[in-house]
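Below is one structure, written out as structure tokens; comments come after it.
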Amino acid sequence: SSSAWDRGTDENYGMMNASVQPDKNWPEERYWDYRIASEGISLMQGAANTSDTEPFFLAVGFHQPHRPWHMPQKYWDLYDNVPVPVTPHSTWPVDAPVVATGDINPAEIGMLPDSTKRYTAKPEGGVPEDAIRENVRGYHASISFLDHQIQRLLDEMERLKLVEDTIIVFCVDHGMN
């Protein structure tokens with residue numbers, strides 16, 4: 001495995017599944033998706049810098065965008081004071097299957113980078129509007145963070161002059177499973 005992966009710690013692994021970002025001053029290099037992109041870059045460099053002219057396959061799968069929202073503060077800040085419309089439908093449909101709703105508990109939805117907040121579900125079971133807004137902000141921020149990681153891969157592909165002979169397949173949410 002490459003040095004990008006080896007720099008990780010058990011703390012990093014635990015934080016991938018944490019509900020909140022532990023320190024808004026974490027460097028971007030400590031986040032799993034940054035490290036995943038770095039590993040992809042390292043593998044691409046290794047494949048491109050051999051005398052073997054055979055094609056190679058590289059699959060790179062990221063965690064974001066996915067709850068919990070876990071990204072560097074600068075991506076969260078991109079969406080500060082951005083108005084977010086709120087859906088009038090803040091409850092699950094009555095006949096929604098369990099597989100669609102999973103274990104999402106509206107009372108525990110405050111999984112946000114700056115969150116010491118916890119939201120209380122509305123008496124009728126709906127998600128509070130401020131929780132909806134902050135989760136949409138978290139989703140947008142995590143997409144921006146993911147976009148940057150993908151750009152890093154594409155930039156390296158261009159630097160290695162692999163663009164003309166490369167097919168890129170982009171899958172979203174569970175495309176790697």
Side-chain angles (χ1 to χ4, degrees), residues 1-50 52-85 87 100 102 104 109 111-115 132-177:
S1 114
S2 79
S3 61
W5 209 245
D6 294 337
R7 284 191 297 270
T9 65
D10 290 341
E11 175 193 19
N12 293 138
Y13 180 78
M15 290 318 304
M16 183 178 84
N17 294 314
S19 62
V20 297
Q21 180 177 320
D23 180 349
K24 61 177 143 186
N25 296 315
W26 263 27
E28 192 163 332
E29 296 79 17
R30 285 189 69 185
Y31 290 85
W32 270 106
D33 284 347
Y34 184 95
R35 292 173 52 215
I36 290 166
S38 295
E39 179 72 2
I41 289 167
S42 177
L43 291 169
M44 190 183 334
Q45 290 167 339
N49 292 326
T50 67
D52 186 359
T53 59
E54 290 296 311
F56 64 92
F57 174 81
L58 177 63
V60 181
F62 296 98
H63 176 74
Q64 294 296 332
H66 210 286
R67 286 180 66 232
W69 311 126
H70 193 64
M71 79 295 291
Q73 185 72 36
K74 68 181 182 180
Y75 297 98
W76 179 255
D77 292 344
L78 290 172
Y79 300 94
D80 195 20
N81 299 317
V82 173
V84 176
T87 177
I104 297 173
I109 206 159
M111 298 175 131
L112 306 163
D114 63 350
S115 192
I132 293 171
R133 281 190 181 91
E134 288 200 7
N135 273 274
V136 170
R137 179 182 179 192
Y139 180 72
H140 289 150
S142 70
I143 292 273
S144 293
F145 177 49
L146 176 60
D147 283 350
H148 183 235
Q149 303 320 307
I150 293 168
Q151 188 62 55
R152 291 177 57 224
L153 288 162
L154 296 174
D155 288 348
E156 186 62 15
M157 188 181 302
E158 188 171 326
R159 189 188 76 75
L160 294 170
K161 299 183 180 4
L162 297 172
V163 174
E164 296 300 320
D165 288 337
T166 300
I167 297 171
I168 299 170
V169 178
F170 185 80
C171 299
V172 295
D173 206 10
H174 306 288
M176 292 295 294
N177 294 331

Please name all residues satisfying salt bridge (Lys or Arg N to Asp or Glu O under 4.0 Å) with R152, sequence neighbours left out, ordered by chain then number. none
With sequence neighbours excluded, residues passing ring-ring contact (aromatic ring centres under 6.0 Å, His included) with H148: none
Hits for ring-ring contact (aromatic ring centres under 6.0 Å, His included) against Y75, two or more places apart or cross-chain, chain-then-number order -> F145
Applying side chain to side chain donor-acceptor pair (under 3.5 Å), name anything that partners Y139, two or more places apart in sequence or on another chain. none
Results of side chain to side chain donor-acceptor pair (under 3.5 Å) for D77 - residues two or more places apart only: Q73
Pair F170-I150, side-chain contact (heavy atoms from CB on, under 4.5 Å): steps then yes or no: CA-CA 10 Å; F170 185 80; I150 293 168; 3.1 Å; yes
The criterion is side chain to side chain contact (heavy atoms under 4.5 Å, CB included); which residues satisfy it with D155, sequence neighbours excluded? Q151
Does a sphere of radius 6.0 Å around CD in E158 hold more than 12 heavy atoms from other residues, nucleotides or ligands, not counting ones at 6.0 Å or beyond? no
Please confirm whether the backbone N or O of R30 pairs with a side-chain atom of R35, one donor and one acceptor, at under 3.5 Å? no
Mind running side-chain contact (heavy atoms from CB on, under 4.5 Å) on I36 and Q149 for me, showing each step along the way? CA-CA 9 Å; I36 290 166; Q149 303 320 307; over 6 Å; no
Between S42 and S38 (side chain of the first, backbone of the second, donor and acceptor by atom type, cut-off under 3.5 Å), is there such a pair? no
I'd like to know whether H140 forms a side-chain contact (heavy atoms from CB on, under 4.5 Å) with V82, so could you lay out the CA-CA distance, the side-chain angles of the two residues, the decisive distance to 0.1 Å, and finally the verdict. CA-CA 11 Å; H140 289 150; V82 173; over 6 Å; no
What pair of heavy atoms forms the shortest contact from L162 to M44, and how long is it? CD1-CG, 3.6 Å
Got more than 12 heavy atoms from elsewhere within 6.0 Å of CG, D165? no
